[in-house]
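Okay, so here's the structure we're looking at.
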Amino acid sequence: MELIQIKTAGDGSSPKQKLDLATVQQKLSAAQGPEYWRSLEELAGTEEFQELLHQEFPRQASEWIGGDVSRRNFLQLMSASLALAGLSGCTKMPTQAIVPYVKQPESLVLGRPQYYATAFTLGAEGMPVLVRSNEGRPTKIEGNPEHPVSKGRTDTFAQGSLLDLYDPDRTQVNLFRGETQTWGTFVSAMQAPLASQKANGGAGLRLLTRSVNSPTLAAQIKMLQQQYPQMKWVQWDPVNRSSVYAGAQMAFGQPIEARYNFANADVILTLDGDFLYSGFPGMTQYSMDWANRRDPDNKQNTRGINRMYSVESTPSVTGFKADHRLPVKPSEVEQFARALAAKLGLGGSGNVSGDGAKFLDAVAKDLQAHKGAAVVVVGEKQPPAVHALAHAINGTLGAVGQTVTYTDPLIANPVDNAASLKDLEKDINANNVDLLLILDANPVYDTPEDTDFKQLLKKVGLKVQYGLHLDETAYECDWHVSGTHYLEHWSDARAANGAMTIVQPLIAPLYGGHSPHEFLAVFTGQPDASGYDIVRNYWQGQFKGTGSFDEFWRRSIHDGFAAGTEFQPKQVKAAAANFPPTQMNQSQGVEMVVRFDPSVYDGRFANNGWLQELPKPLTKLTWDNVIVVSPKMAKDMKFPADQNAAVAEIEYRGKKLEGPVWVQVGHPDDTITLYLGYGRDRAGKTGDGHGYNAYSMWYSDEPYYSRGVKITNTGKRYEVASTQGTQDFYGRNIIRAASVAEYKKNPEFAKEMGEAPKSDDTLYPGYQYPDTGENGNPAYKWGMSIDLNRCTGCNACIIACVAENNTPVVGKEQVQRGRHMHWLRVDSYYQGSPANPVAYFEPLPCMQCENAPCELVCPVGATVHSTEGLNDMVYNRCVGTRYCSNNCPYKVRRFNFLLFQDWTTPQYKLMRNPEVTVRSRGVMEKCTYCVQRITNGRIHAEEDDRRIKDGEILTACQQVCPTNAIIFGDINTPNSLVAQLKSGPRSYGVLEDLNTRPRTTHLAAVLNPNPEITGGEPEQHS
Ligand code: SF4
Ligand code: SF4
């Protein structure tokens, strides 16, 4: 087999060993590779892989790496400052009364942050959040701990949304055909077209929105429809829930929402449902409920550890957290659902063969054995029939009322998005559209290939776009109206449980602009109405309580939600399971799925450097999208499995697209996955020019998957930037895992898998910790425990750490050199066959070693031990020798090789956490256990003359984690959670054989496999 030689970022002088899948297979069968491996390259042990590792400490490290292009790209990231050099460093608070969340004097206490409840909306879900405000500047987003869906947790997109607020590329003016206009001019200019629409009942008026989750916005649209009865409301959201609602319509005769209760679920089957990842409505609550049932040591988990099965195409974090995963082609998911329905006595039939048949038998038996405690979950990219089948299966399993309930839809007006868009297209082509209002949408970029929206807009009389960016659509419209970020305006949203959640502003609009409510009010005849009045008046009209509305309003703003407004379960019964099969083209050959990107979503976060640089789950890729294929397909097509990726050409329906190929273990054969969100040319300085545009391969009549796709190897190569190959452990036993039965038989398995030398069995001098702290109480001894069983690899902790600790964005070229600055990484490890391995996710921050190898080698004492056990960095002393990083066995130190931090863009100065030093070039940095939060906790405790309570200090990564995988606290408090976890049988220290005595330890994974599938001894299951 001929494979192209791998080109690395090294000097390229030595001949390289070729990485091929045959080597991988050979190593596996000969059991010579490490048991747990992170990438195919590592498994094969190539020289290239070793070289990649050494890039962390490259020769000529402080020199610039590339030619003009690299330099220009980097400067592009840094030069955002030029855009707004005139912006003042001062901020204005909104003029309306907003309500601080905590009970403290409402007057500002300088240096003490305040928290405000608000909501971040993405698609169908408004996520309740608390936002930290330092002197009027929003600086960090957390979940709302009082809200039953959030319970204080958020996700990657909510975390990243803070950077969007300060994005210097946001639009700052209203434009009419390129000319700056005032808001007043815009309002006046709309009067004549509106008057002519009034005359014909709005027959030529169209409003295009994404999914609308805000009740007030929906009411405004309804008002507009009443005033212009002939107008049409078009909805196009590339990531939509049309299939979910169509499936419910099939099963129940109405478009309703399924809400899952994983706390009650002993057995879970997901059919391509990635409910543990951001973007799935209710993900925070689902993750916590699921994780609590994964914890074998949790005393409250009286029903035992749950068991999860996954049937999916594109590997997802949920799929890889399943005890059993069946990779199938996209078209086979429906066949599996039909076969399962048949097995459960619902009639019909489905075609499942090979490994799938055994899997199906075992799943069907397990589900049936757990009636009333089982549930089937379906992802929104599956066709309606699969959703309908799942409803019928859940019905027959007695799941309704136990593990699933049904409620009203989360979005205001569920329609078939594709049909809605096509209807608009038809009307425009028939010259029936005189005035098109586009509300916070970007259809020129994000519509399927069969809708050429750019051309369509040429046929519209007047087109007006409201939005936050001068994006692809803004350039094609007559008017562009500058919008506001959700942290700048009043609005509302429905959380995943349907509860009304108030969106309150924390800062007056940075760039001027108006809220979506104010924009729409121009067309409902209220051009002077403020967003605050619109939202408040709507809820005043809805208020049916007995007390005063003012009190209700104030409490709702304070709490972030109105108690009692959550949706009530609906009593529905699914129809018989003879749902018509999904009509797809019958072409044979390669199938293709198009997914939203785990970092930049449908493209709306493309200009967000935090999200661009966040290593995507599983692939750990940054700054690009790729074409994902299976190892076998790669072998057959001679695609190498490395970062110097082969470029493939995709051909479908006469259109062609080129993109780099990523070989993902666990991906089904004869299938490719494409990701949306890239290939943008009007996203902004950060987001333009990365990746390919997958919308050009996506057709509205095939929203779920396509068949008969042609893929060829162009022979070209393209360097992608993945962090998966950097910071390696050279095959040491990092992951410890067992089955439930093994754990019960030998609870000490994790300890026995490694060697923990005696504490004095070392040449290190040892640190004498004081017995008492300043006030005579026992000294604090900080530590952290990370549970591999709970961690889903969702990455929220990484971006929370970035936001909290002012971590810079370094750009693609620097990531390729292994120079990303994240203080925390989440490694993926695989075990077993590349075709369908088991995966483990291991978050790894600085381990705060008691015998810290970094400390001894620092010639200037810049990294020193604290009396409470932290491995402190004294940035002022650091001279950048990097000896500490060389000597760190965990590779968790990060060095500012270049001036990564943007010191000049005024907006970014506002965004930074004032309690964390902003590091500059030539300084080593790393996880500090969020020492600023420890200090704050200490100050509060000292004010009250008490000891810091357990759980009072949450590190940023701990606070965001939707599964409670990260627990921090005082080990000297015997009943603290962290002390208990560390004394538990699953606790072990990564590389503890080196006697580094890490303060951060991990909890071994315990899986719950079904012996019918593994062929092993019977497992004790719940
Ligand atoms: S530890 Fe990090 S990656 Fe793991 S579940 Fe928590 S937030 Fe997600
Ligand atoms: S403890 Fe704080 S500094 Fe350390 S990884 Fe977590 S968030 Fe980052």
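Only heavy atoms go into these numbers, but all of them, side chains included; no hydrogens, no water, no symmetry mates. For ligands, and for the atoms within them, numbers begin at 1 and follow the listed sequence. Position 1 is the first residue of the sequence, and the numbers go up from there.
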* Chi angles and distances behind the ring pair (Phe, Tyr, Trp, His ring centres under 6.0 Å) call for Tyr166, Tyr908 -> CA-CA 6 Å; Tyr166 296 101; Tyr908 294 154; 7.7 Å; no
Roughly how far apart are [X] [atom1] and [Y] [atom2], rounded to 0.5 Å?
X: Met127; Y: Leu122; atom1: CE; atom2: CG; value: 8.0 Å
X: Phe262; Y: Leu276; atom1: CZ; atom2: CG; value: 7.5 Å
X: Trp823; Y: Cys957; atom1: CH2; atom2: SG; value: 11.0 Å
X: Ile798; Y: Arg825; atom1: CD1; atom2: CZ; value: 10.0 Å
X: Ser316; Y: Lys321; atom1: OG; atom2: NZ; value: 12.0 Å

* What protein N, O or S atoms come within a distance below 2.8 Å of atom 8 (Fe) of ligand 1, ordered by chain and number? -> Cys794 SG
* **Atoms in ligand 1 flagged as close to Ile966, the criterion being non-hydrogen separation under 4.0 Å** => 1 (S)
* Asked: Counting only protein N/O/S, how many atoms fall short of 2.8 Å from atom 4 (Fe) of ligand 2?
  -> 1
* Asked: Can Arg919 and Glu925 be counted as an ion pair, charged N to O under 4.0 angstrom?
  -> yes
* To do: Salt-bridge test for Arg294 and Asp289: reply yes if a basic N is under 4.0 Å from a carboxylate O, no otherwise.
  => no
* **Option among Asp624, Asp597, Thr622 that satisfies the side-chain hydrogen bond (donor to acceptor under 3.5 Å, both in side chains) test with Lys616** => Asp597
* Does Glu804 offer a backbone N or O that forms a donor-acceptor pair with the side chain of Asn913 under 3.5 Å? -> yes
